[in-house]
Amino acid sequence: MIISIASGKGGTGKTTVATNMAVSLGGDVQLLDCDVEEPNAHLFIHPVINEVKTITTPVPEVDMEKCNLCGKCGEICQFKAIVVIGKTVLPFPEMCHSCGGCMEVCPEKAITETGRELGVIERGSRNGLEFVHGKLRVGEAMSPPLIRKVREYARPDVLTIIDAPPGTSCPVIASMKGADFVLLVTEPTPFGLNDLKLAVGAVKILGIPCGLIINRSDMGDDKVKIYAEKENLPILMEIPFDRKIAEAYSRGEMIVEVMPEWKEKFLKLYQQIEEMSFHKNH
Amino acid sequence: MEKIAVSCEEPSLDSPVDPRFGRAAGFLIVDPDTLEFSYVDNGASQAMSQGAGIQAAETVCRSGAKVVLTGYVGPKAFQALFAAGIKIGQNLEKMTVRQAIDKFNAGEVDMATAPNRMGHGA
């Protein structure tokens with residue numbers, strides 16, 4: 001089973017929920033931090049990293065000895081990642097979406113694959129919890145290909161918890177698509193509600209069952225709850241605005257470490273999700 | 001004489017130079033001696049999310065012009081124009097196409113060796 005933890009708005013507590021749930025459940029769990037532009041789950045999990053892999057995406061390289069300047073590569077490219085101009089062919093690797101079209105249409109077989117570095121994937125563990133995250137190369141504009149590579153580490157025989165990036169664009173879709181359940185973390189503020197609505201819209205298009213966690217639930221107003229009721233979104237957990245939790249966070253500690261009574265709540269959260277996705281799928 | 005492509009807002013010698021190369025409305029392809037010109041629309045580049053400068057460079061290259069006069073050229077467009085052997089005169093905004101040509105004919109336009117704008121991706 002794959003549970004994706006998303007939010008719309010940033011800073012609502014996705015990583016807090018993902019790390020606490022993963023640690024509470026213990027064995028047979030893997031945590032994939034797919035927020036590859038700013039991964040931070042490792043700051044709480046403190047995993048021992050034992051595998052580092054550089055990830056590349058294929059981009060074209062042109063052999064000018066074979067090229068006859070026919071221009072077919074430039075015509076098929078939708079991203080201006082390769083152009084025939086003057087008496088030369090110019091690839092722009094940073095614009096390339098790795099579709100392979102230029103290689104396919106080249107009648108002279110003058111185009112071969114080389115790689116553009118997307119970033120690295122690090123894999124490790126902590127007390128039996130498997131941990132994987134991606135770190136996007138500084139300057140790289142496309143994160144979804146790296147996110148998909150991180151997700152390739154998902155094993156069907158265990159519970160996979162995905163810490164998704166904020167927002168509702170391609171990187172978030174890449175982190176939610178194919179999940180069995182999406183857990184949306186929000187806060188009871190106008191900003192939280194606005195972005196929650198966008199996230200719910202995206203989850204609906206993907207057709208994935210979802211539930212809500214309200215973080216810092218005792219501040220703000222009750223508009224998130226009214227919205228949740230109207231949308232039939234189950235509120236699966238409320239985390240109060242508690243100084244003890246904030247202090248722990250600032251030290252890189254999890255809620256369940258400083259307040260062990262929370263472990264039970266996270267286990268119950270998982271049971272509820274399991275039941276909801278079971279009913280949906282059977 | 002080699003033809004010159006000037007980024008312009010309207011198809012006229014008295015049009016302001018469009019400061020943007022990649023997303024210029026169009027290019028006036030001018031014979032600098034006779035001031036005879038033709039117009040190439042660049043509207044399609046304005047609708048592109050990325051690669052506008054590269055496409056504009058292709059358009060200029062196809063027009064047969066050997067020199068570009070414009071305001072700002074980004075790094076990818078610069079690379080493409082350079083590869084095509086087209087010379088680039090930058091910082092010619094805030095004047096008309098005619099004034100830019102006059103300046104070029106008077107030898108007052110230095111040909112650029114580097115782009116003067118960062119791309120959107122940078």
Side-chain angles (χ1 to χ4, degrees), chain A residues 36-37 57 59-65 67-99 101-102 105 110-111 114 116-119 136-146 167-171 173, chain B residues 2-5 7 20-24 27 29 40-68 70 72-88 111-115 117-122:
Chain A
V36 301
E37 289 182 68
T57 190
V59 295
E61 190 168 52
V62 185
D63 181 349
M64 286 312 292
E65 304 247 304
C67 175
N68 65 0
L69 300 172
C70 73
K72 290 203 169 76
C73 53
E75 278 165 33
I76 197 165
C77 183
Q78 299 301 297
F79 302 99
K80 291 281 153 200
I82 187 163
V83 291
V84 177
I85 193 155
K87 298 251 175 294
T88 188
V89 185
L90 268 189
F92 290 93
E94 68 274 32
M95 315 273 280
C96 179
H97 285 57
S98 305
C99 74
C102 55
V105 298
I111 304 176
T114 177
R116 176 182 90 228
E117 188 187 330
L118 293 171
L136 195 70
R137 174 178 59 83
V138 172
E140 173 58 50
M142 291 173 214
S143 63
L146 182 60
T168 46
S169 62
C170 300
I173 304 301
Chain B
E2 284 173 344
K3 284 190 179 152
I4 296 177
S7 59
R20 307 156 303 169
F21 171 73
R23 292 181 194 277
F27 296 100
I29 313 299
V40 193
D41 189 72
N42 190 49
S45 288
Q46 294 185 335
M48 293 174 78
S49 61
Q50 56 176 18
I54 298 168
Q55 177 154 306
E58 284 181 290
T59 302
V60 167
C61 184
R62 230 174 284 126
S63 79
K66 298 292 177 210
V67 175
V68 161
T70 187
Y72 325 122
V73 180
K76 296 192 192 82
F78 194 93
Q79 210 183 323
L81 289 169
F82 188 79
I86 296 169
K87 296 195 192 91
I88 305 157
M111 290 302 145
T113 52
R117 271 296 185 276
M118 294 291 273
H120 289 295

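Every chain is numbered from 1, with letters handed out A, B, ... down the list of sequences. No hydrogens, no waters, no symmetry mates; every other heavy atom, side chains included, goes into these values.
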(request) Would you check if B:K76 and A:K80 make a side-chain contact, meaning some heavy-atom pair closer than 4.5 Å? (result) no
(message) If I measure from the heavy atoms of chain A, does B:A52 come under 4.5 Å with its side chain, its backbone, both, or neither?
(response) neither
(message) Please give me the minimum heavy-atom distance between B:C61 and A:G86, naming the atom from each residue.
(response) SG-N, 3.6 Å
(message) Using 0.5 Å steps for rounding, measure from the CE atom of B:M48 to the CD atom of A:Q78.
(response) 9.0 Å
(request) Side chain from CB out, backbone as N, CA, C, O: work out which of these in A:F92 comes under 4.5 Å of a heavy atom of chain B, or both, or neither. (result) side chain
(message) Within this structure, what is the CD1-CD1 distance for the pair B:I54 and A:I85, rounded to the nearest 0.5 Å?
(response) 9.0 Å
